[in-house]
Number of protein chains: 2
Amino acid sequence: MPLSTTEENYLKAIFSISTGGESRATNQLIAEKLGVNPASVTDMLRKLDEKRLIDYNRADGAKLTKEGFKQAVKTVRKHRLWETFLVSKMNFTWDEVHEVAEQLEHIQSDKLTDELDKFLGHPKFDPHGDPIPDASGKLPVVKSKPLPEADIARKLKVVSVTDNSTAFLKYLDKQGIGLNDSLVIKEIVDFDKSLLVELKGKKEVFLSKEAAGKILVD
Amino acid sequence: MPLSTTEENYLKAIFSISTGGESRATNQLIAEKLGVNPASVTDMLRKLDEKRLIDYNRADGAKLTKEGFKQAVKTVRKHRLWETFLVSKMNFTWDEVHEVAEQLEHIQSDKLTDELDKFLGHPKFDPHGDPIPDASGKLPVVKSKPLPEADIARKLKVVSVTDNSTAFLKYLDKQGIGLNDSLVIKEIVDFDKSLLVELKGKKEVFLSKEAAGKILVD
DNA sequence: AAAACAAATTAGGCTAGTCTAAATTATTTT
DNA sequence: AAAATAATTTAGACTAGCCTAATTTGTTTT
Ligand SMILES: [Mn+2]
Ligand SMILES: [Mn+2]
Ligand SMILES: [Mn+2]
Ligand SMILES: [Mn+2]
């Protein structure tokens, strides 16, 4: 009756695709996110549909049911709490936590989840700026937009990053960009849309359009 | 290349049978400990033998190789560190930790294990009095014997318990017996070998032969 | 509307880990 | 030493989750 690790990973993938701007969680997007073959996804989506955790059909893709949504949010909550734990108590850096949190998120113990939350002081955001659902599943609403869509010359704050890969996070470290840092767009280079950005009123750096698109600011 | 959760559980079972007084880790004992069918055990022992984690034959049962021993100890270390974490940081009681630790012990991250150890202050014993192997795999040696084999009228100390089930631990709680408590055997009742024990110089309780046998003292 | 392309599904197969029932091997008891 | 009993292994089967290759369905392009 409890969900398997694999089922939890599928629900989480559907959740993140659906809340990440895409209009439909398609077979292909899910396959890509989980690194499995589309044929495997067909099997699992059918199974989750039978279990009433999603509604699935070719036209609309996969949509979480109430119960499926609840389960997905629960896993996301655990993932983000564990990431916070790893950084604030275990001396991990923000680029080291993802892999381990992928394992820890599947530990089944409501008591542990709630005690962990308490132990950490009921954090609202994880080390990547992602909101942490509370015990009832409520998510803090965050106002933010990708850096390339923000106003020029206005003082902005780094709210979160949408790519948690070690490669990207290490790159940000090297550029000197961290969560909650303030920055100002000085200029958008015409031919490649790269950004010239002033950091914390100090140094200036260039960011490619791709890199900047993964930084959310407000 | 890393071991599966199942493989780790088999190695741990063999370890605990071998170091728990039994002369041979037999198919049957392993099956019993893991709650699986002996036919399944045959399959897995053959697989572990092929992977050179154990030496197995009918006559001698399963014996951990150097590598198998190393892996088993590593899992035991994680299990006991997580149990300690749950009790000392997450407000779990000693009868609540086992099940969750069974899951946590399979998390793969040497960095996490070592940081956890540091965070807890390099504990030497878990909440059940079991010794925690250090990072190199070394186990503190503990001198102890089952309560029924100890001297009468001598001041003894509860060192550990060999049954981690909720039922047994709750029973000890109710009797008022905890780790490191001092006690004295006042009398061994002849016909059923039950023990009359004085706790912390205060109250006296009767313990059945079975219950007393699961309490190790020094 | 036909052809071409893309997305999803079907068909068949694989591995890990489990099971039951039957057969074999080893150990006791008579 | 034979018979009875206990422990282990074999044989065959099942589920979860994955794969490749082939086919079907749906969407664009011409
Ligand atoms: Mn995961
Ligand atoms: Mn995160
Ligand atoms: Mn386990
Ligand atoms: Mn323990």
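On a predicted model such as this, the values are computed, not experimentally measured, just so you know. A, B, ... follow the sequence lines: proteins, then strands. Residue 1 opens every chain.
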Angle class for the B:F85/B:F119 ring planes (parallel below 30°, perpendicular above 60°, tilted otherwise)?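 If you compare the ring of B:F85 with that of B:F119, the planes turn out tilted.
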
Is A:R80 paired with A:E83 through a side-chain N to carboxylate O contact shorter than 4.0 Å?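 No, A:E83 and A:R80 are not salt-bridged.
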
Nearest-angstrom distance from the residue atom [atom1] of [X] to [atom2] of [N]:
{"X": "A:L3", "N": "D:dA16", "atom1": "CG", "atom2": "P", "value": "13 Å"}
{"X": "A:Q28", "N": "D:dT27", "atom1": "CD", "atom2": "C1'", "value": "13 Å"}
{"X": "A:N37", "N": "D:dC18", "atom1": "CG", "atom2": "C1'", "value": "8 Å"}
{"X": "B:D49", "N": "D:dT8", "atom1": "CG", "atom2": "P", "value": "15 Å"}
{"X": "B:L34", "N": "C:dG17", "atom1": "CG", "atom2": "C1'", "value": "12 Å"}
{"X": "B:M44", "N": "D:dT8", "atom1": "CE", "atom2": "C1'", "value": "17 Å"}
{"X": "B:E50", "N": "C:dG17", "atom1": "CD", "atom2": "P", "value": "13 Å"}
{"X": "A:N27", "N": "C:dA6", "atom1": "CG", "atom2": "C1'", "value": "12 Å"}

OP1 or OP2 of [N] less than 4.0 angstrom from a side-chain nitrogen or oxygen of [X], does that happen here?
{"X": "B:S40", "N": "C:dC19", "value": "yes"}
{"X": "A:T6", "N": "D:dG17", "value": "yes"}
{"X": "A:Y10", "N": "D:dA16", "value": "no"}
{"X": "B:Y56", "N": "D:dT9", "value": "yes"}

Among [options], which is the nearest nucleotide to the side chain of [X]?
{"X": "B:D43", "options": "D:dC19, C:dT18, D:dT8", "value": "C:dT18"}
{"X": "B:V36", "options": "C:dC19, D:dT8, C:dG17", "value": "C:dC19"}
{"X": "A:R46", "options": "C:dA7, C:dT10, C:dC19", "value": "C:dT10"}

Starting at the 5' end of DNA chain D and moving along, which residue's nearest nucleotide shows up first, A:R58 or A:S4?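 Its nearest nucleotide lies further toward 5', so the answer is A:S4.
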
Taking for each residue the nucleotide of DNA chain D with the nearest heavy atom, is it B:T42 or A:E7 whose nucleotide lies nearer the 5' end?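 Comparing both residues, the 5'-ward one is B:T42.
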
Centres of the B:H79 and B:H98 rings: under 6.0 Å?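 Between B:H79 and B:H98, the centre distance is under 6.0 Å.
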
Cation-pi geometry met for B:K214 and B:F168 (6.0 Å, 45°):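 Satisfied, under 6.0 Å and within 45°.
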
Can you name the one residue among A:V97, A:L179, A:D163 that meets side chain to side chain contact (heavy atoms under 4.5 Å, CB included) with A:H128?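 That would be A:V97.
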
